[in-house]
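Small disclaimer: the values here were computed from a predicted structure and weren't measured.
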Amino acid sequence: MTRDGDQAPADGSRRGPKPPRESAVTLSQPMDLRHTNLMGNVHGGEIMRLIDSAAGIAASRHAGGPVVTASLDQMSFLHPVHIGNLVFVHASVNDVGRTSMEVGVRVEAEDLFSGLRTHTSSAYLVFVALDEQGRPRPVPALEPETEVERRRQSEAKIRREIRLARAEAIRRQRGEAEARG
């Protein structure tokens, strides 16, 4: 059974459109010495690991099965995360293609003593859903319910167009370079 009581298909996925809230996830973790560099800031790679984990969970929930990270489209470090902060990693599916999904992630660090939360990082990742043989498989459509979700979907479509145009420009450039040389 699915969360809404409908019978799920044998592969665990739900075929109809899904709203972003059904797959959204928030992870939290306190940052301690093992996560920091010599300056007492949390390593960027540690934050990236948490981002990939949260985004992967959101993508898997939406796809109803296994996914792989295809790309980290954009990563912004806005403020440092310090030892002793509680880190919150919020992830939700912004848009879907046939087999891929863009997941947006927002990282916040909370000072446990003051309660102040700071938006420290943002990222956009692309995941591909896999079937039992490890091949790409279709994912359910996304059905945004709020204006914020519709804005995120619209912006995700722009980022996808840019990714595809960049990849095509690189292929053309490589083809021209190979033809010359």
Side-chain angles (χ1 to χ4, degrees), residues 2-4 8 12-14 17-37 41-97 99-112 115-130 134 136-137 139-146 148-160 163:
T2 62
R3 278 176 242 157
D4 59 8
S13 65
R14 193 176 106 194
K18 292 182 176 182
R21 68 178 160 75
E22 280 193 20
S23 57
V25 65
T26 297
L27 303 181
S28 61
Q29 181 172 327
M31 295 290 108
D32 59 34
L33 278 173
R34 66 194 152 133
H35 303 118
T36 60
N37 59 27
N41 297 327
V42 173
H43 286 285
E46 183 65 28
I47 298 300
M48 290 173 74
R49 184 185 66 77
L50 293 170
I51 285 170
D52 191 45
S53 293
I57 292 168
S60 288
R61 288 172 111 180
H62 184 83
V67 299
V68 291
T69 309
S71 72
L72 174 63
D73 191 49
Q74 186 175 328
M75 177 74 211
S76 300
F77 293 102
L78 307 170
H79 298 282
V81 177
H82 302 288
I83 188 169
N85 285 160
L86 180 59
V87 170
F88 293 89
V89 185
H90 310 281
S92 63
V93 176
N94 289 337
D95 195 26
V96 301
T99 63
S100 65
M101 298 153 280
E102 182 195 271
V103 179
V105 182
R106 177 185 171 102
V107 180
E108 299 172 334
E110 179 180 310
D111 180 295
L112 292 174
L116 178 68
R117 275 200 192 183
T118 304
H119 175 198
T120 63
S121 307
S122 292
Y124 299 102
L125 296 88
V126 177
F127 289 83
V128 174
L130 301 177
R137 70 169 177 84
V139 296
L142 189 70
E143 190 171 81
E145 299 175 312
T146 68
V148 169
E149 291 169 352
R150 284 187 278 280
R151 176 187 53 80
R152 288 176 180 164
Q153 185 180 48
S154 177
E155 292 171 0
K157 288 182 186 309
I158 293 168
R159 283 187 293 276
R160 183 173 194 274
R163 278 193 305 273

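Within the 4.5 Å cutoff, the side chain of Met48 has heavy atoms near those of the Met75 side chain. With contacts defined as side-chain heavy-atom distances shorter than 4.5 Å, the pair Ser53/Ile51 does not qualify. The closest side-chain heavy-atom distance from Arg137 to Thr99 is not below 4.5 Å.
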Tell me which donor-acceptor pairs under 3.5 Å the side chains of residues 77-89 have, and how far apart each pair is, sequence neighbours excluded?
{"from": "His82", "atom 1": "ND1", "to": "Asn41", "atom 2": "OD1", "distance (Å)": "3.0"}
{"from": "Asn85", "atom 1": "OD1", "to": "His82", "atom 2": "N", "distance (Å)": "2.8"}

Contacts under 3.5 angstrom, residues 67-74 side chains, donor-acceptor by atom type, not counting sequence neighbours:
{"from": "Thr69", "atom 1": "OG1", "to": "Asp52", "atom 2": "OD1", "distance (Å)": "2.8"}
{"from": "Asp73", "atom 1": "OD2", "to": "Arg163", "atom 2": "NH1", "distance (Å)": "3.2"}

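In this view, Ile158 and Ile162 satisfy the side-chain contact (heavy atoms from CB on, under 4.5 Å) rule, not counting sequence neighbours. Applying the salt bridge (charged side-chain N to carboxylate O under 4.0 Å, His left out) test to Asp32 and every residue at least two apart in sequence or in another chain returns Arg34. Taking the salt bridge (charged side-chain N to carboxylate O under 4.0 Å, His left out) definition, one finds that Arg117 meets it with Glu108, Glu110, sequence neighbours left out. Shown here are the side-chain contact (heavy atoms from CB on, under 4.5 Å) partners of Asp95, two or more places apart in sequence or in another chain: Gln153, Ala156, Lys157.
The minimum heavy-atom distance between Thr120 and Ala109, with the atom names listed, is CG2-CB, 3.7 Å. In terms of heavy-atom proximity, Ser121 sits nearest to Ile47 at OG-CG2, 3.9 Å. Scanning both residues, Ala63 and Val139, for their nearest heavy atoms gives CB-CG1, 4.0 Å. Residues Val93 and Ala58 come closest through the heavy atom pair CG2-O, 3.9 Å. Closest approach of Leu125 and Ala55 over heavy atoms only: CD1-CB, 4.0 Å. The two residues Leu130 and Pro136 come nearest to each other via the heavy atoms CD2-N, 4.1 Å.
With hydrogens and angles disregarded, no donor-acceptor distance shorter than 3.5 Å links the side chain of His62 to the backbone of Met101. Using modelled atom types, no side-chain atom of Ser154 and backbone atom of Arg150 make a donor-acceptor pair closer than 3.5 Å. In this structure, Arg106 contributes its side chain and Ala91 its backbone to no donor-acceptor pair below 3.5 Å. With hydrogens and angles disregarded, no donor-acceptor distance shorter than 3.5 Å links the side chain of Lys18 to the backbone of Leu142.
Classification of Glu102 and Arg159 as a salt-bridged pair holds, one side-chain N sitting under 4.0 Å from a carboxylate O. By the 4.0 Å N-to-carboxylate-O rule, Glu155 lies too far from Arg152 to be salt-bridged with it.
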Check the pair His35, Gln29 against side-chain contact (heavy atoms from CB on, under 4.5 Å), reporting the backbone distance first and the verdict last.
CA-CA 11 Å; His35 303 118; Gln29 181 172 327; 3.1 Å; yes

Val105 vs Ser122, test: side-chain contact (heavy atoms from CB on, under 4.5 Å). Steps then yes/no.
CA-CA 6 Å; Val105 182; Ser122 292; over 6 Å; no

